[in-house]
Amino acid sequence: DPSRIDKVGDQYYYYWDFNLNPRAKYTITIITNYRNPLFILIVLILVIWFLISINKKGIDIRKKVLMIKRNDNVNEMKVLLIVENKARKVHHVRVIDRITETIDLPTDFGTLKPTQVKKTGQRGVMIVWDIPMLINGEERVISYKIKTRPNASIPRAMLRYKGLRDNDVVVRSNAVR
């Protein structure tokens, strides 16, 4: 053990007082314990990982509209809904899209056919797709073509699934102009 310890500012000075005879040895061993800082670092990494995994959205949905043909009376467009699962495996996913001021019912559905296509109001359409399961990292592209009037609004698509606590989670897509 040191004979004396002085603290000057942020630094510590250790002093040892001993007599040393010729050809004699005196060994000073300094042991640094890294367990506590290592333990704190591991706990900090786990807390950060937990917070990131909690705040990560389960499923993301993006909506894109590609104009195929435009004239004074009719807009023909292709609508893409990109569903991406960023978290764990999810069951019973329902995607709902609505279009107002349609001329015809949607056609040319991509690889995933809708579960339901229903008229809403006089000229609106609601399209529903049920996806039984999405695994982690899976991405599905849902597409269809539709003819609308030039003043048709394109609201956000909606996605619904069961969360971790068996609660309904609703995610809305981006706004399309």
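Remember, predicted model here, so these are calculated numbers, not experimental data.
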Item to check | Any Val169 side-chain heavy atom under 4.5 Å of Lys162 side chain | outcome: no
Checklist entry - Other hydrophobic cluster members with Ile45, side-chain heavy atoms of Ile/Leu/Val/Met/Phe/Trp/Tyr under 4.5 Å, chained? => result Leu41
Checklist entry - Looking at residues at least two apart in the chain, or sitting in another chain, which of them share a side chain to side chain contact (heavy atoms under 4.5 Å, CB included) with Leu44? => result Ile48
Checklist entry - Does Thr102 have any side-chain hydrogen bond (donor to acceptor under 3.5 Å, both in side chains) partners at least two apart in sequence or in another chain, and if so, which? => result none
Checklist outcome for this item: Residues joined to Leu80 in its hydrophobic cluster, side chain to side chain under 4.5 Å directly or through other members, sorted by chain and number, are Leu66, Ile82, Val141
Item to check | With sequence neighbours excluded, residues passing side-chain hydrogen bond (donor to acceptor under 3.5 Å, both in side chains) with Asp72 | outcome: none
Next on the checklist: Counting C-beta onward and ignoring hydrogens, is there a side-chain heavy-atom pair between Val83 and Leu134 closer than 4.5 Å?
Outcome noted: yes
Next on the checklist: Suppose we screen for side-chain hydrogen bond (donor to acceptor under 3.5 Å, both in side chains). Which residues come up paired with Arg94, at least two apart in sequence or across chains?
Outcome noted: Asp130
Checklist outcome for this item: Here the salt bridge (Lys or Arg N to Asp or Glu O under 4.0 Å) pairs for residues 104-122, sequence neighbours left out, are Asp108-Lys145
Checklist entry - In the hydrophobic cluster built from side-chain contacts under 4.5 Å, what are the other members alongside Ile42? => result Leu38, Leu46
Checklist entry - For Lys147, which residues count as a side-chain hydrogen bond (donor to acceptor under 3.5 Å, both in side chains) partner, sequence neighbours excluded? => result none
Item to check | Whichever hydrophobic residues join Ile135 through chains of side-chain contacts under 4.5 Å | outcome: Met133
Item to check | Pairwise side-chain contact, Ser143 with Phe109, heavy-atom cut-off 4.5 Å (strictly under) | outcome: no
Item to check | Qualifying side chain to side chain donor-acceptor pair (under 3.5 Å) pairs with a residue from residues 13-35, counting only residues at least two apart or across chains | outcome: Gln11-Tyr13
Checklist entry - Should Val128 and Val95 be marked as a side chain to side chain contact (heavy atoms under 4.5 Å, CB included) after you check the CA-CA gap, both sets of side-chain angles, and the distance that decides it? => result CA-CA 6 Å; Val128 178; Val95 178; over 6 Å; no
Checklist entry - What pairs of residues pass the salt bridge (Lys or Arg N to Asp or Glu O under 4.0 Å) test when at least one of them lies in residues 135-144, not counting sequence neighbours? => result Glu138-Arg140
